[in-house]
J.: 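Pasting in a structure now, in structure tokens, and then I'll have a few things to ask.
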Amino acid sequence: LASAGGIEVAKASEFGATAMNVFSKEGITMKQVADQLSGASNSSATDVTLLSSSLKYVGPIASDLRVPFNDLIATLGELANNGIKGSSAGTGLRQMLTRLVPASDKAVETFKSLNLITAEGKNIFFDTTGKLKPLTDVVGILKDKLKGLTDEQRMEKIKDMFGLVASPTINSLIKSGADGIDQMAKNISKLSASEISAKKMMTLSGAIEFLTGSWETLLIRIGDLQSPIIEKA
């Protein structure tokens, strides 16, 4: 992850461990985290550091709602391609997820006017068991219910339901649609951290990295051999 993402090993360890802790209920492994983060950073206009920043804001609520880690990373990658990344992406997506259940009377009215809440009072973003539907379904529902509105009407409805902070994020996702997120997920799945790392190390900078590591190892070995003599002295 460090070499694939071009970051320090300590940072890679921190990002990986945090993601594993947040999504512990899903039981993801370090390899899955590394593959997804490095895959997204090589498939979209973001990097491992910015993705980790996004996860800091949206990860806990996404985990609580049982949003799969892979789906979340694909969504963040697609947002990055539309210019929304880092803390902005994480904050906007967090607010969208928290307000899929309307938080005010005005939001309830808007949900009902768009038939997001049925006559029986069912919120269509959730399945019959009360579990949140996949993010691609959520985006597809929003796109379908908001189509035919003018730009002004759409912005007003989104603001009333989700607030100003989430508006750019939702507009971006509607623009990409479920197909955009699905394609991003497919692109990410074709890459692995080990493959990306290997390709990056097959360059001049990679050769220098190997040489530096070998030199440091040699110095450590020499130091180990000399340490008994130094200690006696």
J.: Quick one: salt bridge (Lys or Arg N to Asp or Glu O under 4.0 Å) partners of Glu14, sequence neighbours excluded?
T.: Lys11

J.: Can you check whether Lys85 reaches Leu79 side chain to side chain, under 4.5 Å on heavy atoms?
T.: no

J.: Identify which one of Ser43, Ser176, Ser44 satisfies the side-chain hydrogen bond (donor to acceptor under 3.5 Å, both in side chains) criterion when paired with Glu78.
T.: Ser176

J.: With a 6.0 Å cut-off (strictly less than), is the heavy-atom count around CG of Asp105, excluding the residue itself, greater than 12?
T.: no

J.: In the structure I gave you, are the side-chain heavy atoms of Thr46 and Leu76 within less than 4.5 Å of one another anywhere?
T.: no

J.: Restricting to pairs with a member in residues 142-162, which pass ring-ring contact (aromatic ring centres under 6.0 Å, His included), not counting sequence neighbours?
T.: none

J.: Would you give the length of the straight line joining atom OG of Ser41 to atom CD of Gln36, rounded to the nearest 0.5 angstrom?
T.: 11.0 Å

J.: Does a sphere of radius 6.0 Å around NZ in Lys106 hold more than 12 heavy atoms from other residues, nucleotides or ligands, not counting ones at 6.0 Å or beyond?
T.: no

J.: Is there side-chain contact between Leu149 and Met155, with heavy atoms separated by less than 4.5 Å?
T.: no

J.: Apply side-chain contact (heavy atoms from CB on, under 4.5 Å) to residues Arg154 and Asn171 and explain how you reach the verdict.
T.: CA-CA 9 Å; Arg154 187 181 70 254; Asn171 276 313; 3.1 Å; yes

J.: Would you mind listing every ring-ring contact (aromatic ring centres under 6.0 Å, His included) that reaches into residues 17-36, with sequence neighbours excluded?
T.: Phe23-Phe69

J.: Take atom NZ in Lys199; do more than 12 heavy atoms of anything else shown fall under 6.0 Å from it?
T.: no

J.: Starting at CZ of Phe111, measure out to CE of Met161 and round the result to the nearest 0.5 Å.
T.: 6.0 Å

J.: Checking Asp144 now: which residues fulfil side chain to side chain donor-acceptor pair (under 3.5 Å) with it, not counting sequence neighbours?
T.: Lys147

J.: May I ask you to test the Leu100-Leu132 pair for a side-chain heavy-atom distance under 4.5 Å?
T.: yes

J.: Quick one: which residue pairs count as a ring-ring contact (aromatic ring centres under 6.0 Å, His included) with a foot in residues 42-62, not counting sequence neighbours?
T.: none

J.: Just verifying a value: how many Å separate Leu1 CG and Leu37 CG, rounded to the nearest 0.5 Å?
T.: 6.0 Å

J.: Where the side chain of Asn123 meets the backbone of Ile117, is there a donor-acceptor pair that is under 3.5 Å apart?
T.: no

J.: Going by the side-chain hydrogen bond (donor to acceptor under 3.5 Å, both in side chains) test, which pairs reach into residues 179-188, not counting sequence neighbours?
T.: Gln183-Asn187

